[in-house]
Amino acid sequence: MEKVKAKKHLGQHFLKDESIAAAIADTLHLEGYDDVLEIGPGMGVLTKYLLEKPTNVYVVEIDNESVTYLEENYPKLEGKIIAKDFLKYNMNEIFEGKQFAVIGNFPYNISTQIVFRALEYRNQIPEFSGMFQKEVAERICEKKGTKAYGILSVLVQAFYEAEYLFTVDEHVFIPPPKVKSGVLRLRRKKDFSLPCGEKLFFTVVKTAFQQRRKTLRNSLKTLNLSNNLREERVFDLRPEQLNVQDFIALTKKIEEDGV
């Protein structure tokens, strides 16, 4: 296994096992889009395999040292390095409304924020794959009925098919993290529009799970539901007992109730 120069920033651990980098690059189907955006490329261990694909590769990197390294070592990235913070950057300065895929070895401490930010661009992101802390990757892909199932699971799976692909051990990183990592792939559903208000859907899911041990009757009190609606059987349940379609149906009921 070839080792590459690596460093840590923003909670990121860099791969030294290039076979895993190649496997992550291979998770993209490259269908329905021409552009790929890698988040947090660091020293380019994943980037080099993406550049072998028949696609336009852009990278967004906030660390100045990494940007300099990429500029010096990856001439194919000329004009395609975005030296910005993904969480704050307007992607349409580059993509101008076009479809693009997202991929990366995501910094652990902002990985959840990255997912929520990507969801804001769901109309343009048909595919999203990459590496997370294992428990975060599992949470995103989790089904109802478990402690891991929560806000992230429901909101992602409302729009994407989520697939946990493989686990990565600690020793293949510099520096080694204290936890295992997991690689997942999200493929946007063919029909990813919701038959209810999206803003209200997000509110219902987040409000329900903020007090996940309570029944929906108690956790959703702040939505000022009518007494008739609150008496329906679904409100006897706790949020982890509802799947994505159940939450969509619940949102429709609340919408019809006049919230």
- Message: Within the 3.5 Å criterion, strictly below it, is a donor on Asp34 or Asn56 matched to an acceptor on the partner's side chain?
- Response: no

- Work out which heavy atom in Leu70 is nearest to a heavy atom in Pro41; give both atom names and the distance. CD1-CG, 3.6 Å

- Evaluation steps, side-chain contact (heavy atoms from CB on, under 4.5 Å), between Ile62 and Tyr89: CA-CA 11 Å; Ile62 196 173; Tyr89 183 64; over 6 Å; no

- Following the transitive rule for hydrophobic clusters with a side-chain heavy-atom cut-off under 4.5 Å over Ile, Leu, Val, Met, Phe, Trp and Tyr, establish whether Tyr164 and Val179 coincide in one cluster. no

- Task: Flag the pair Tyr58 / Phe100 as yes when their ring centroid distance falls below 6.0 Å, and as no otherwise.
- Result: no

- Quick one: are Lys53 and Leu30 in side-chain contact, heavy atoms under 4.5 Å? yes

- Query: Does a side-chain heavy-atom distance below 4.5 Å link Leu223 with Thr203?
  - Reply: yes

- Thr68 (side chain) donor-acceptor with Asn64 (main chain) under 3.5 angstrom: yes

- Item | From Arg185 atom CZ to Leu165 atom CG, the distance as rounded to the nearest 0.5 Å | 5.0 Å

- Taking atom CD of Glu78 as the centre, report whether more than 12 heavy atoms of other residues, nucleotides or ligands fall under 6.0 Å from it. no

- Task: Determine the minimum heavy-atom distance between Asn105 and Leu15, stating which atoms define it.
- Result: ND2-N, 4.3 Å

- Gap separating the CD1 atom of Ile24 from the CG atom of Leu46, nearest 0.5 angstrom: 6.0 Å

- Query: Which pair of non-hydrogen atoms, one from Asp236 and one from Arg217, has the smallest distance, and what is that distance?
  - Reply: OD1-NH1, 2.7 Å

- Task: Under the side-chain contact (heavy atoms from CB on, under 4.5 Å) rule, what do Leu250 and Leu220 come out as? Steps first, then yes or no, please.
- Result: CA-CA 11 Å; Leu250 175 62; Leu220 297 180; 4.1 Å; yes

- Item | Any donor-acceptor pair under 3.5 Å from Arg187 side chain to Glu163 backbone | no

- Query: So, the side chain of Gln157 versus the backbone of Val244: is there a donor-acceptor pair under 3.5 Å, distance only?
  - Reply: no

- Message: Quick check against the 3.5 Å criterion: does Gln124 have a side-chain atom that pairs as donor or acceptor with the backbone of Lys98?
- Response: yes

- Message: Could you walk me through whether Val154 and Tyr149 satisfy the side-chain contact (heavy atoms from CB on, under 4.5 Å) test, starting with their C-alpha distance in whole Å, then the side-chain angles of each, then the deciding distance to 0.1 Å, before giving a yes or no?
- Response: CA-CA 8 Å; Val154 176; Tyr149 180 72; 3.3 Å; yes

- Residues Lys144, Asp246; criterion side-chain contact (heavy atoms from CB on, under 4.5 Å); working and verdict: CA-CA 10 Å; Lys144 73 169 188 176; Asp246 294 332; 4.3 Å; yes

- Message: Strictly below 4.0 Å, N to O, side chains only: are Lys180 and Glu138 in salt-bridge contact?
- Response: no

- Item | Glu135 bridged to Arg139 by N-O distance under 4.0 Å | yes

- Arg188 versus Gln99: any side-chain heavy-atom pair under 4.5 Å? yes

- Got a sec: does the NZ of Lys189 have more than 12 other heavy atoms crowding it under 6.0 Å? yes

- Below 4.5 Å, heavy atoms only, C-beta onward: do Lys48 and Tyr74 meet side chain to side chain? yes

- Mind listing the closest non-hydrogen atom pair of Arg230 and Phe235 along with its distance? O-CB, 3.6 Å

- Does a donor on one side chain sit under 3.5 Å from an acceptor on the other, for Ser153 and Glu142? no

- Flag the pair Phe86 / Phe106 as yes when their ring centroid distance falls below 6.0 Å, and as no otherwise. no

- Message: I'd like to know whether NZ of Lys84 has more than 12 heavy-atom contacts from other residues, nucleotides or ligands below 6.0 angstrom.
- Response: no

- Tyr121 and Met91 have their tightest heavy-atom pair at OH-N, 3.0 Å

- Should Leu119 and Val156 count as side-chain neighbours, where that means a heavy-atom distance under 4.5 Å? yes

- Message: Show, in sequence, the C-alpha distance, side-chain angles and deciding distance for Asp169 and Thr167, and conclude whether the side chain to side chain donor-acceptor pair (under 3.5 Å) test is met.
- Response: CA-CA 7 Å; Asp169 289 331; Thr167 300; over 6 Å; no

- Task: Could you tell me whether a side-chain N or O of Tyr49 sits under 3.5 Å from a main-chain N or O of Ile20, the two making a donor and an acceptor?
- Result: no

- Just by distance, do the side chain of Lys16 and the backbone of His171 share a donor-acceptor pair under 3.5 Å? yes

- Item | Side-chain heavy-atom pair Ile140, Leu186 within 4.5 angstrom cut-off | yes

- Answer yes or no: is there a donor N or O on one side and an acceptor on the other, between the side chain of Gln241 and the main chain of Arg238, under 3.5 Å? yes

- Does the Glu255 side chain pair with the main chain of Leu200, one donor and one acceptor, at a distance under 3.5 Å? no

- Task: Identify the two heavy atoms, one from Lys76 and one from Leu51, that lie closest to each other, and give their separation to 0.1 Å.
- Result: NZ-O, 3.9 Å

- Message: Could you check whether any side-chain heavy atom of Leu155 comes within less than 4.5 Å of a side-chain heavy atom of Phe201, counting everything from C-beta outward?
- Response: yes

- Side chain proximity check, Phe128 to Ile114, heavy atoms < 4.5 angstrom: yes

- Side chains of Tyr108 and Ser181, donor plus acceptor under 3.5 Å: yes

